[in-house]
Amino acid sequence: MNLRTILHVSLLFSFLTAVVMTTNAQENEFVFNKKVNYQVTFLSDSTDENSRQTMPAELLLNDTNSLFWFLNKSIKDEELAKPNAFPSPSIGFAPGLVNNENYVILKNKDGEITVYDEYSGSDLRKLMQINVYKERINPEDWQLTEETDTVMGLAVQKAVLQFGGRTWEAFFAPELPIADGPYKFNGLPGLILRIQDRTKSWVFEAQDIKEVDQKVVVNNKKELKIVPIEKKELYSQRRKFQQDQVFARQGEGDGGIESAENRKQAEERIKKDNNWIELN
């Protein structure tokens, strides 16, 4: 192989490498032009009204995709996207608890839902992976009703959906022709401004809608690998993780349960953590 051939091969390899790197970056990078801020109110313990909490979340939109996440998640990920950011540390919770809101939900215009869930409980000491699964909500599963209301001063119509072991009541705005909404919900002839399960233990309500020019890099934590998983298995792993915290690492001094009293408290936390947004 002469010098000219070597040079051509080298240049071709460099070009292909650049193309691959660019493609990967484009696959993880989105620019959104609209943002809907939601207030999310929920009971962590379905038997205790005093467990009600409120968290902010946002739905970002462009012509082909949307992204939903809780604001705490977005702030942490944006910090990690900055140059020279430190790798993500282990997420610290009282033993018996998991972070059920540490996910990113992407939807495309064809209705495909992709969920990147970072806290699967794959390891007791640090997070080593992001689990990903896909699903859909069939628009035909929505039942439109004649009931109307107003949200943010806009006329909305009620629709009902069976999803995740719950009956959901959505109020969408026909004058906002965006077939999307908070969490995984989509497929209605208008933007969902409020949605709640029938017990009102989970409520998403829009607070405002803004025009933005916002770039988001999804899965920017290079130390974590992305691992496909079935949703049912992911939820099973979360529960197993809770139980593992109760019985593993006893006496190691690294956050494990070191006494019978602490184990009892952790078991009580698990018992009260009974109102995940999806029940099955």
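Since we're looking at a predicted model, the values are computed, not measured.
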Are [X] and [Y] packed together at the side-chain level, in the sense that at least one heavy-atom pair is separated by less than 4.5 angstrom?
X    : Y    : value
E58  : L71  : yes
Y133 : V115 : yes
I209 : L176 : yes
E175 : L154 : yes
Q157 : E147 : no
L60  : F30  : no
N131 : E233 : no
D213 : V31  : yes

Minimum heavy-atom distance [X]-[Y], with the two atoms named:
X    : Y    : result
W142 : A170 : CZ3-CB, 3.6 Å
A173 : L193 : CB-CD1, 3.9 Å
A159 : L144 : CB-CD2, 3.7 Å
D180 : S66  : OD2-OG, 2.7 Å
N275 : W202 : O-NE1, 2.9 Å
P189 : F172 : CG-CE1, 3.7 Å

Residues two or more places apart in sequence or in another chain: which of them pass ring pair (Phe, Tyr, Trp, His ring centres under 6.0 Å) with F185? F163, W168, Y183

Y235: partners by ring pair (Phe, Tyr, Trp, His ring centres under 6.0 Å), with sequence neighbours left out: W276

Rounded to the nearest 0.5 Å, what's the gap from [atom1] on [X] to [atom2] on [Y]? Could you check?
X    : Y    : atom1 : atom2 : answer
L61  : K107 : CG    : NZ    : 8.0 Å
K158 : E146 : NZ    : CD    : 12.0 Å
L279 : S46  : CG    : OG    : 8.5 Å
L161 : R166 : CG    : CZ    : 13.0 Å
I229 : I130 : CD1   : CD1   : 13.0 Å
N186 : N138 : CG    : CG    : 10.0 Å

Full working for side-chain contact (heavy atoms from CB on, under 4.5 Å) between K34 and K210: CA-CA 6 Å; K34 192 180 299 293; K210 297 179 179 179; over 6 Å; no

Residues that N65 engages under side chain to side chain donor-acceptor pair (under 3.5 Å), provided they are two or more places apart: none

Determine all donor-acceptor pairs shorter than 3.5 Å in which one atom belongs to a side chain in residues 35-42; sequence neighbours excluded.
unit_1 : atom_1 : unit_2 : atom_2 : d
N37    : ND2    : D208   : OD1    : 2.7
Y38    : OH     : I192   : O      : 2.6

Which salt bridge (charged side-chain N to carboxylate O under 4.0 Å, His left out) pairs, counting each pair once, include a residue from residues 129-139, with sequence neighbours left out? E112-K134, E135-K184, E135-K231

Under a 3.5 Å distance rule, please check whether Q207 uses its side chain to pair with a backbone N or O of E205 as donor and acceptor. yes

Should [X] and [Y] be regarded as members of a common hydrophobic cluster, given that ILVMFWY residues are connected when their side-chain heavy atoms come within less than 4.5 Å of each other, either directly or indirectly?
X    : Y    : answer
I137 : L191 : yes
Y116 : W69  : yes
I178 : V212 : no

Excluding sequence neighbours, so at least two apart, what forms side-chain contact (heavy atoms from CB on, under 4.5 Å) with S51? L43, S44, D45, D48

Using a cut-off of 6.0 Å, state whether more than 12 heavy atoms not belonging to Q143 lie near its atom CD. no

